[in-house]
Amino acid sequence: MSTLRFYAVKKTLNRKPVYIDETQRRSELFGSNVFNEATMRQFLTKEAFNSVMAAVETGAKIDRSVADHISTGMKEWSISKGATHYSHWFQPLTGSTAEKHDAFFETIGNGLAIEKFGGAQLVQQEPDASSFPNGGIRNTFEARGYTAWDPTSPAFIYGTTLCIPTVFVAYTGEALDYKTPLLRALYAMDTAAVAVCKYFDKNVKKVNTSLGWEQEYFLIDSALAASRPDIVQTGRTLLGHSAAKGQQLDDHYFGSIPARALAYMMDLEVECMLLGIPVKTRHNEVAPNQFELAPIFDEANLAVDHNSLLMDVMHKVAERHNFKVLFHEKPFAGVNGSGKHNNWSLSTDTGVNLLGPGKTPMSNLQFLTFFINTIKAVNDNEELLRAAIASASNDHRLGANEAPPAIMSIFIGEQLTRVLNELENVTNGKLSPEEKTELKLNVVGKIPDVLLDNTDRNRTSPFAFTGNKFEFRAVGSTANCANPMTVLNTIVAKQLRDFKAEVDKLIKKKEMKKDDAIFNVLRDYIKKSKNILFEGNGYGQAWEKEAEKRGLSNHRTTPEALKAKVSEKAIKIFDEMGVMNKIESEARYEIEMEEYILRIQIEGRVLGDIARNHIVPIAVQYQNRLIKNVKGLKEIYGDDFKKFAQEQLNLIEDISEHISSINSDVTRMTDERRTANLVEDFEIRASDYCFKVKPLFDSIRYHCDKLELLVDDELWPMTKYRELLFTC
Ligand SMILES: NC(=O)CC[C@H](N)C(=O)O
């Protein structure tokens with residue numbers, strides 16, 4: 001094994017950056033492999049084009065006969081771009097994307113063949129659903145599921161395949177993917193937000209959710225990554241002593257991008273341009289070998305598709321550069337982990353960002369309405385939001401190194417806190433004309449100025465307002481953004497619906513003016529949502545205590561956090577908002593708990609193997625060398641040998657102690673795993689894995705890492721942190 005380590009290091013040292021020749025302007029490349037508006041105008045009949053546009057803009061259904069025209073246009077375009085296959089492209093609950101390619105090629109008898117792609121193939125396909133996570137919705141004996149075209153996300157060509165974004169549902173209609181509930185949540189948001197916008201502008205007909213994700217990742221040389229069974233199998237290092245130099249000098253963040261990494265980024269960005277992914281920002285992140293890429297924000301469904309596609313493309317492009325991309329939230333202990341901050345906002349078809357202040361008091365009141373309703377929604381559903389970001393890998397990230405803690409809270413900055421405090425004192429009931437003028441001029445009217453100063457940042461906040469959007473920072477780098485986006489949009493949509501009902505009631509029953517009613521309800525919400533607002537340091541014990549007093553949840557582990565997904569309240573909200581029925585909510589809960597169990601199970605197996613079969617034998621080998629040395633010294637010096645052999649004798653003992661601890665801990669871990677595997681109830685099994693199996697990882701790692709410090713470097717079998725992290 002140590003041969004593999006040195007081979008990998010040597011190979012890495014000889015790598016050169018791949019030369020990327022960028023000759024074409026990115027603006028010209030952008031979207032060339034996307035069946036976008038410009039392409040559709042060229043390849044579709046007017047009727048087909050209008051029909052797709054109506055589906056995108058208003059959700060109108062596409063007629064089957066029109067679908068035939070669309071598929072013909074798509075086929076012509078794809079073939080002209082060199083495509084040979086088509087595929088329904090979807091996002092099952094595995095966390096990655098799925099595709100099955102079919103050739104356009106079709107035989108027609110008499111030894112003849114043509115290229116064919118009909119409306120039927122575009123609109124619907126029937127993959128077997130039982131081999132995807134389904135939480136018991138699909139049994140193997142009634143396995144059918146189907147994928148159905150989502151015209152709101154344009155088809156694209158990747159390689160030689162035309163990819164058609166689709167939803168994936170069971171034959172009985174239950175969602176089996178990430179996209180279906182997201183689309184339903186976005187629809188709920190659109191409906192609820194438009195109704196509220198009408199208080200301010202009757203012309204608003206549609207509200208879009210926008211999402212700008214920031215993808216953090218690590219790049220590791222592929223040979224080094226391949227030398228570590230833990231990285232290969234689990235995406236993270238299960239052991240490894242910290243390098244002497246990590247990120248303590250703060251010298252990587254925004255530093256000059258290493259040449260190999262830069263070549264990779266350029267290559268990747270060109271691919272993104274072709275696929276219409278509007279990537280804009282690239283930089284070194286805080287940890288060594290950690291980087292970030294971010295696009296210009298987009299409509300949420302499209303942005304989610306882009307991120308899922310991007311993660312796949314990142315892996316593929318990495319191969320050309322001899323890199324392995326690590327998306328794991330905490331691949332290396334002791335340095336920053338990776339997040340995927342979701343920047344979320346709402347905008348109207350009249351061009352207004354509802355979370356950005358406007359120019360008039362009225363538009364600022366609209367801003368405050370959406371701002372405060374979001375705060376209220378998060379306050380009332382903080383546990384559900386925590387559940388939306390829960391995963392075995394994100395558990396390692398939360399609570400340190402610029403990642404938020406497990407307690408959900410909102411940071412709004414000092415200035416907006418002041419605005420809310422003033423609004424809280426608004427008169428209960430009808431407002432006097434003087435009070436209204438004062439509010440409009442000096443509180444609401446001053447918001448744009450306030451926000452100009454709102455440069456505060458709080459990197460320990462899970463959900464921070466950043467001037468014209470909220471940044472959901474708790475989302476982890478492996479996540480499919482659809483999950484947090486579905487939850488966030490559902491709870492805010494529900495909140496807006498309740499808000500509208502309350503305001504209407506005040507107008508009707510108390511004969512209040514619209515503004516008075518809005519101020520009254522907002523004042524009430526501010527009072528009720530105070531618990532969630534927190535501006536301080538999210539890491540200290542003080543906040544844990546304070547949060548507990550406030551009644552906020554603090555679920556440190558995934559099995560504890562996920563329970564909120566099936567609380568009576570959560571099931572009701574999802575059902576009521578038309579996002580997921582009870583069966584779907586429960587199925588997702590089961591799938592995520594099972595995934596948790598399996599991930600910990602795999603890690604346990606890999607760790608047991610590495611500790612027993614890689615580390616211990618080498619430690620014994622080194623110990624034997626020491627024993628030989630001691631014996632030699634004894635031979636030379638007789639009874640005086642201890643004077644010269646004391647260090648070696650101590651080492652021999654230390655090594656034995658660590659070996660013995662490793663062996664007993666691995667045995668205990670294996671026994672705990674076996675016992676847990678026999679537990680029928682998945683909730684108890686997940687909890688056993690979390691509280692009985694996983695804690696043993698830490699002690700096994702501790703002793704292995706101690707051995708790393710004792711054993712001769714030349715013998716050590718595992719590629720070390722300093723090699724993995726500083727040879728990009
Ligand atoms: N610079 C940053 O914002 C760091 C974020 C951090 N990597 C995270 O886990 O979220």
Side-chain angles (χ1 to χ4, degrees), residues 211-220 235-237 242 246-257 261 265 279-295 297 307 310-311 314 325-344 385-386 388-411 413 454-467 469-481 483-485 488 534-535 537-539 543 556 558 561 721 725 728:
L211 165 65
W213 40 261
E214 302 166 21
Q215 182 69 58
E216 293 184 335
Y217 61 99
F218 279 82
L219 280 182
I220 305 298
R236 75 172 176 117
T237 53
S242 300
Q247 63 188 39
Q248 51 291 49
L249 297 176
D250 292 328
D251 53 356
H252 194 251
Y253 190 58
F254 283 14
S256 124
I257 303 175
M265 291 174 180
V279 290
K280 188 161 169 82
T281 307
R282 64 185 183 210
H283 61 84
N284 286 4
E285 252 304 326
V286 174
N289 277 20
Q290 192 190 22
F291 305 96
E292 178 177 314
L293 164 117
F297 68 89
N307 182 252
L310 172 95
M311 289 170 82
M314 282 176 81
V325 183
L326 304 184
F327 286 122
H328 194 288
E329 280 83 352
K330 197 78 175 178
F332 302 96
V335 293
N336 274 23
S338 299
K340 176 150 48 200
H341 307 170
N342 278 204
N343 292 285
W344 171 88
L385 216 53
R386 164 67 182 95
I389 54 111
S391 69
S393 48
N394 210 16
D395 281 359
H396 294 283
R397 164 179 169 258
L398 298 180
N401 298 108
E402 300 187 321
I407 307 164
M408 293 294 112
S409 66
I410 305 181
F411 171 88
N454 196 41
T455 45
D456 305 12
R457 287 280 157 119
N458 184 336
R459 290 196 161 169
T460 67
S461 178
F463 201 84
F465 187 71
T466 52
K469 59 189 162 46
F470 278 100
E471 182 178 353
F472 191 4
R473 294 177 60 89
V475 185
S477 47
T478 57
N480 182 317
C481 311
N483 193 5
M485 281 296 107
L488 182 58
F534 178 61
E535 304 284 302
N537 174 14
Y539 292 163
W543 171 228
R556 287 191 194 82
T558 293
Y721 266 34
L725 284 172
C728 195

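These values consider heavy atoms only, across backbone and side chains, with no hydrogens, waters or symmetry-generated copies. Atoms within each ligand, like the ligands themselves, are counted from 1 in listed order. Bear in mind the structure is a predicted one, so any value in this text is a computation, not a measurement.
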Sequence neighbours excluded, which residues qualify as side-chain hydrogen bond (donor to acceptor under 3.5 Å, both in side chains) partners of Thr558? Asp395
Residues pairing under salt bridge (Lys or Arg N to Asp or Glu O under 4.0 Å) where one sits in residues 325-341, two or more places apart or in two chains, turn out to be none
Show the numbers, then the answer: is there a side chain to side chain contact (heavy atoms under 4.5 Å, CB included) between Leu211 and Asn307? CA-CA 10 Å; Leu211 165 65; Asn307 182 252; over 6 Å; no
Aromatic centroids of Phe470 and His341 separated by under 6.0 Å: no
Quick one: does Gln290's side chain get under 4.5 Å of Tyr253's, heavy atoms only? no
All side-chain contact (heavy atoms from CB on, under 4.5 Å) counterparts of Ala294, not counting sequence neighbours: Glu214, Thr281, Glu292
Would you check ligand 1 and list the protein residues that come within less than 4.0 Å of it by any heavy atom, ordered by chain and number? Glu216, Tyr253, Glu285, Gly337, Ser338, Gly339, His341, Arg397, Glu402, Ala403, Arg459, Arg473
